[in-house]
Amino acid sequence: MSDTAVTPSTATFDQFGLAPDILKAVKESGYTTPTPIQAQAIPVVLAGRDVMGAAQTGTGKTASFSLPIIQRLLPQASTSASPARHPVRALILTPTRELADQVAANVQSYAKHTALRSAVVFGGVDMNPQSEQLRRGVEILIATPGRLLDHVQQKTANLGQVQILVLDEADRMLDMGFLPDLQRILNLLPKERQTLLFSATFSGEIKKLAATYLRSPQTIEVARSNSTATNVTQIVFEVAEGDKTGAVVQLIRERSLKQVIVFCNSKIGASRLARSLERDGVVATAIHGDRTQNERMQALDAFKRGEIEALVATDVAARGLDIAELPAVINFDLPFNAEDYVHRIGRTGRAGASGDALSLCSPNERKQLADIEKLIKRPLDVQRLTVDAPVRHHHEERAPRRERSGDGRDERGSRRRTGAPSSGSFERPHHHHHRAQPVDDFFLKPYEPSPASVRKVEEAAAASAAPQKSGSKQPLAALLGGFGMPRKSTSSS
DNA sequence: AAAAAAC
């Protein structure tokens, strides 16, 4: 409570009275001292109270509810093989599939020394393995709402014995139109239960949801929801829209960024940028809602393993995702929703590390910038970024930088312009081994995946014994990206 | 104006 000196150095996880099997897992995870939200939430959840939690993701929120939930379920943990002895007792709902997967991995690791079973269900993947797991029985279920309801309908999930419900990123779920699904799910749960609601903001809608479904909740607020971490250096770069791709490459190179998430506002934009970056020698892949779940998971896993330099993402990756030691986030586009800015840059500077949030701002994004500054209540450092002329080949005798020395020279300059896109930032790859293609080809030829991407997909295909059933006759390029967009939509709508 | 999520 003492607001003067929070000294976590003296605090340990031992103080909560958690079972040795849980503490062992916590230690193995490398955690020694509880974060502020953990220190506040764990005792309250252990006491069985409802919680309204406002916490930035990355503050240790997942453990703050997972650990006490495991503790509360522990006395009922059955080692029996009978599914009937393993009803769903705790249900954790998240807005995105990746977040569900991540929370599930955390829960799994915290519960690994106990007899409690956990599982995760979300859409976009085969239902059968999920159904099989549910049939065998799990005490802790992590889910996205749609697929959970699907399982309920198929009678593979029974929510009649849920004692604890967690709504993670509740504001996001409402934003995404999950309210009807949430209401349906809530109606399937026992009235007598504990409910924990976590949200970045306490909007009117969230308060209404809480008033309807929570019982005298304890409010826990650690960091002000609209604040941004002080360990994240935020810089805005003024740059022409057409120079953005070059700017991303330049920032990655100049700052020697080992890994970076680059956020775009649209799925197509993300795919395009990933392709452009690859062309400029940055190992990149896209993650967004138009890619298959398999591709999304592969992209994220490869990124976490460090095999990919730039993960180009839509806001599907803005919230909650925990990537260790991510040194920087780049906003290729400024988000339309200022709150998303806070979430995006929250992907870096996690667990006390420092991070850079680098945002590109074109002249037509000034309003978004103003909105963000208003939300975070402070002006951002705005710098002008001069994007170098596209890097040229070593063996080229003259720098393409237009020297304007004579009039006979600009013939090449005009040739370069021919057919160049308005966003002409990718005229020349700067790696010698890159074959020089006419700019036109770049737009007309179907996407060609990088050798690294091809290898990854082949590995994955070999590993998962071809689970694709419908429409599996796509070429590799199509499997890889939503990249090779048809030039003209001849398709049926 | 765009993103996400069940089939």
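Computed from heavy atoms alone, side chains included, the values below leave out hydrogens, waters and symmetry copies. A, B, ... follow the sequence lines: proteins, then strands. Residue 1 opens every chain.
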Rounded to whole Å, please give me the gap between CG in A:Asp175 and P in B:dA3. 15 Å

Please confirm whether the shortest side-chain N or O distance from A:Thr144 to OP1 or OP2 of B:dA6 is below 4.0 Å. yes

Phosphate OP1/OP2 of B:dA4 contacted by A:Arg172 side-chain N/O (<4.0 Å): no

Nearest-Å distance for atom pair CG/P, residues A:Leu182 and B:dA6: 12 Å

Would A:Lys244 pass as a cation-pi partner of A:Phe332, given that its NZ or CZ must be under 6.0 Å from the six-membered ring centre and within 45 degrees of the axis? yes

Do A:Gln218 and A:Arg49 pass the side chain to side chain donor-acceptor pair (under 3.5 Å) test, and can you show the C-alpha distance, the side-chain angles, and the key distance before you say yes or no? CA-CA 7 Å; A:Gln218 171 94 35; A:Arg49 295 229 15 212; 3.0 Å; yes

Let's see if you can work this out: which of B:dA1, B:dA6, B:dA4 has an atom nearest to the side-chain heavy atoms of A:His288? B:dA4

What is the separation between atom CZ on A:Arg291 and atom C1' on B:dA4, rounded to the nearest whole Å? 17 Å

Report yes if a side-chain nitrogen or oxygen of A:Arg296 is closer than 4.0 Å to either non-bridging phosphate oxygen (OP1 or OP2) of B:dA5; otherwise report no. yes

Hey, does A:Gly124 reach any base, or is it just sugar-phosphate, or nothing, if we go heavy atoms under 4.0 Å? sugar-phosphate

OP1 or OP2 of B:dA1 versus the side-chain N and O atoms of A:Ser266: is any pair under 4.0 Å? no

Contacts of type ring pair (Phe, Tyr, Trp, His ring centres under 6.0 Å), residue A:Phe263, not counting sequence neighbours: none

A:Phe178 CZ to B:dA3 P, straight-line distance once rounded to whole Å: 16 Å

Quickly work out the A:Asn364 CG to B:dA2 C1' distance and round it to whole Å. 15 Å

With A:Ile235 as partner, the option from A:Leu385, A:Asp381, A:Val382 fulfilling side chain to side chain contact (heavy atoms under 4.5 Å, CB included) is A:Asp381

Applying a 4.0 Å non-hydrogen cut-off, can you work out what A:Asp315 is touching in the nucleic acid: base, sugar-phosphate, or nothing? nothing

Rounded to whole Å, please give me the gap between CZ in A:Phe263 and P in B:dA2. 19 Å

Nearest-nucleotide pick for A:Thr314, side chain only, options being B:dA4, B:dA6, B:dA2: B:dA4

Return the set of residues passing ring pair (Phe, Tyr, Trp, His ring centres under 6.0 Å) with A:Phe303 (not counting sequence neighbours), or none when no residue passes. none

Nearest whole angstrom, please: distance from the C1' of B:dA4 to the CZ of A:Phe336. 16 Å

